[in-house]
Amino acid sequence: MLNFDQVIDRNGTFCTQWDFVQDRFGTSNLLPFTISDTDFALPDEVMDMLSKRLKHPVFGYTRWNHAAFKNSVNYWYERRLNTQIEEDWIQYSPSVIYSISILLQIVSSENSGVVLQTPAYDAFFKVIRENKRNLVENPLSYNNARYTIDFIDLEEKLAQPQNEVLLLCSPHNPTGRVWTKKELERIVELCQKYHVFLIVDEIHMDVLRKGIKHYPIVNITQRNVASVSSGTKTFNFPGLIFSYLLLPDKKLRENFQKLLKGRDGLSSVSTMGMLATMTAYQSCENWVSELNDYLDQNISYATQFLQKEIPEIKVVSSEATYLMWLDVSMLDFPMEQLQKALINVGKVAIMDGKVYGGNGEYFLRLNVGCPCSKVIDGLNRLKKSIDSLNGC
């Protein structure tokens, strides 16, 4: 069993979650459960590879377009996701959001609509608007602590000719839903019926609850589709800067490369990001399985704690990610008041769901990708904050 219980001090590393918590919450010295990375050490195999590479004193321009990198992605999809992909589909990008930005520029026109299920990862809103596209919300239906797609509303939105793209998060952040094969097939059917291009963010595809299966979108279709992903969420190295895309369409690949390399000058990659991805995909499958087991335990503990100590908070059923989505709508005070108590009484930073749109204003997003001791501390701080508002 790997030591996910190990507490690692991240302070002083220019870490967004710990060192810069004040930027978002207005004060420092808070226990953070915020940014979507984890507090876990990289797998030993990745650390050993990075250490070995650091002993070589030259870090020149580095190429991604070679069999060694592509074979590692192929191997991962075949082993972990039971999916066959073609080598030519695999393209490099520095980040998933960059990939989405470039794809929007290629497959849609300015002032066209991009349909998005909400609540949603807040960076999606920004990349849509900064590319001069219109955000068209397809609010997820919420019943009995579970989210589903409103397909009637989705079809109405996709049928409007000005809406040219559906941006799908699969698995979904922040709700934790893993779309079923039937749901994905229906999405693809509607996109093809109304000639809407489908961009799918699959960055959370490896972090799944026990018994849950993720279906890569390229298993469903290879027409008018792009999958964007990365190993950075799974293995916790977003600071190394590396992601990739699956683009089955040759013309789309050519257009993507024109903008990546020709316009933006990104033909060279982060050496460490590429090597970390290759090593993780080739050697760290067992590490991911143990990570998921550990996260299952954290989520189980948090769920039981809340049911016993703060039953007014409902836990949305988690199928993926290390992000818990907590329904606080039954509390007797507004989110603004709750956030003030969390910051000033509990000294804890937990994301206000309002930033994710949709019905997010009634939710907290709690990152449990950390040692269980931190989860326990954070939950007790949450309880202390709520007790203060209840006059306890």
Side-chain angles (χ1 to χ4, degrees), residues 1-22 24-25 27-44 46-47 174 176 204 206-210 232-239 284 286-311 313 315-316 318 320-326 328 338-339 341-352 363-388 392:
M1 183 68 180
L2 299 173
N3 188 17
F4 291 105
D5 282 324
Q6 179 186 9
V7 177
I8 301 171
D9 185 0
R10 298 178 66 190
N11 288 294
T13 63
F14 304 103
C15 164
T16 300
Q17 180 162 194
W18 288 82
D19 287 328
F20 296 97
V21 68
Q22 184 172 356
R24 183 163 283 186
F25 290 85
T27 186
S28 57
N29 299 317
L30 301 178
L31 186 67
F33 296 86
T34 55
I35 302 302
S36 183
D37 65 9
T38 75
D39 291 325
F40 299 131
L42 273 65
D44 289 342
V46 177
M47 288 299 298
H204 291 283
D206 302 313
V207 184
L208 304 171
R209 304 289 81 77
K210 191 176 297 296
T232 57
K233 294 289 187 191
T234 304
F235 299 99
N236 199 35
F237 50 79
C284 300
N286 289 339
W287 186 92
V288 176
S289 296
E290 295 198 23
L291 167 71
N292 284 336
D293 287 343
Y294 192 86
L295 292 172
D296 285 352
Q297 294 171 25
N298 275 358
I299 289 172
S300 177
Y301 177 88
T303 300
Q304 292 176 36
F305 178 96
L306 292 169
Q307 288 173 345
K308 179 181 178 181
E309 302 293 340
I310 322 173
I313 296 181
V315 178
V316 173
S318 174
T321 83
Y322 43 78
L323 307 165
M324 295 186 70
W325 192 237
L326 308 179
V328 298
L338 174 58
Q339 282 293 328
L342 290 172
I343 294 167
N344 298 318
V345 178
K347 305 296 182 183
V348 62
I350 304 175
M351 290 298 297
D352 178 348
F363 293 80
L364 294 173
R365 195 188 77 167
L366 179 72
N367 182 345
V368 295
C370 57
C372 187
S373 58
K374 181 187 173 189
V375 174
I376 293 170
D377 190 3
L379 290 170
N380 282 316
R381 291 173 185 236
L382 172 60
K383 184 177 186 303
K384 180 180 180 182
S385 304
I386 291 175
D387 285 347
S388 73
C392 299

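Residues take their numbers from the sequence shown, with the count starting at 1.
Scanning both residues, Ser388 and Ala341, for their nearest heavy atoms gives OG-CB, 4.1 Å. Summarising the geometry of Cys370 relative to Val375, their closest heavy-atom pair is SG-CG2, 3.5 Å, with the distance given to 0.1 Å. Nearest heavy-atom pair, Gln339 versus Met351, reported as atom, atom and distance to 0.1 Å: NE2-C, 4.1 Å. Shortest non-hydrogen contact noted between Cys284 and Val46 is SG-CG2, 4.1 Å.
The only option from Asp9, Asp39, Asn11 that meets the side-chain hydrogen bond (donor to acceptor under 3.5 Å, both in side chains) definition with Trp18 turns out to be Asp39. With respect to Ile343, the side-chain contact (heavy atoms from CB on, under 4.5 Å) criterion is satisfied by exactly one of Leu338, Ile350, Thr27: Thr27.
Every residue two or more places apart in sequence or in another chain was checked for a ring-ring contact (aromatic ring centres under 6.0 Å, His included) with Phe33, and none qualifies. Partners of Asp5 according to the salt bridge (Lys or Arg N to Asp or Glu O under 4.0 Å) rule, which considers only residues two or more places apart in sequence or in another chain, do not exist here. Contacts of Asp37 classified as salt bridge (Lys or Arg N to Asp or Glu O under 4.0 Å), with partners at least two apart in sequence or in another chain: Arg10.
Taking the side chain as every heavy atom from C-beta outward, Val345 and Asp387 never approach each other to under 4.5 Å. The shortest distance between side-chain heavy atoms of Arg365 and Thr34 does not fall below 4.5 Å. Side chains of Glu309 and Leu379 form no contact here, defined as non-hydrogen atoms less than 4.5 Å apart. Side-chain contact between Leu382 and Leu366 is absent, with no heavy-atom pair separated by less than 4.5 Å. Side-chain contact between Ser36 and His204: present, with at least one pair of heavy atoms (C-beta onward) separated by less than 4.5 Å. Contact check for Val207 versus Lys233: no side-chain heavy atoms found under the 4.5 Å cut-off. Side-chain contact check for Tyr294 versus Cys372: some heavy-atom pair is nearer than 4.5 Å. At least one side-chain heavy atom of Leu291 sits less than 4.5 Å from a side-chain heavy atom of Phe4.
Looking at Thr38, its side chain never comes within 3.5 Å of a backbone N or O of Asn236 through a donor-acceptor pair. Judged purely by atom type and a 3.5 angstrom limit, Asp19 uses its side chain to pair as donor or acceptor with the backbone of Thr13. In this structure, Asn298 contributes its side chain and Val368 its backbone to a donor-acceptor pair below 3.5 Å. Side-chain N or O atoms of Lys374 include one that pairs as donor or acceptor with a backbone N or O of Pro32 at under 3.5 Å. A donor-acceptor pair is defined here as one N or O able to donate and one able to accept, closer than 3.5 Å; no such pair exists between the side chain of Asp377 and the backbone of Ser373.
A donor and an acceptor atom, one from each side chain of Thr303 and Gln307, are nowhere located under 3.5 Å apart. Using modelled atom types, one finds no donor on one side chain facing an acceptor on the other under 3.5 Å when comparing Asp44 with Trp287.
Open room surrounds CG on Asn29; 12 or fewer heavy atoms of other groups in view lie less than 6.0 Å from it.
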Side chain to side chain contact (heavy atoms under 4.5 Å, CB included) between Leu342 and Arg381, worked out = CA-CA 7 Å; Leu342 290 172; Arg381 291 173 185 236; over 6 Å; no
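Between Phe20 and Phe14, the angle of the ring planes stays under 30°, which puts this pair in the parallel group of the 30/60° scheme. Between Trp325 and Phe363, the two ring planes are parallel [angle under 30°; tilted spans 30° to 60°].
The distance from atom CD1 of Ile299 to atom OH of Tyr322, rounded to the nearest 0.5 Å, is 11.5 Å. Between the NZ atom of Lys210 and the CG atom of Asp293 there is a distance of 4.0 Å, given to the nearest 0.5 Å. In this structure, CD in Gln22 is found 8.5 Å from CG in Leu30, a value given to the nearest 0.5 Å. Taking CG of Leu295 as the reference point, atom CE of Met324 lies at 11.0 Å (rounded to 0.5 Å).
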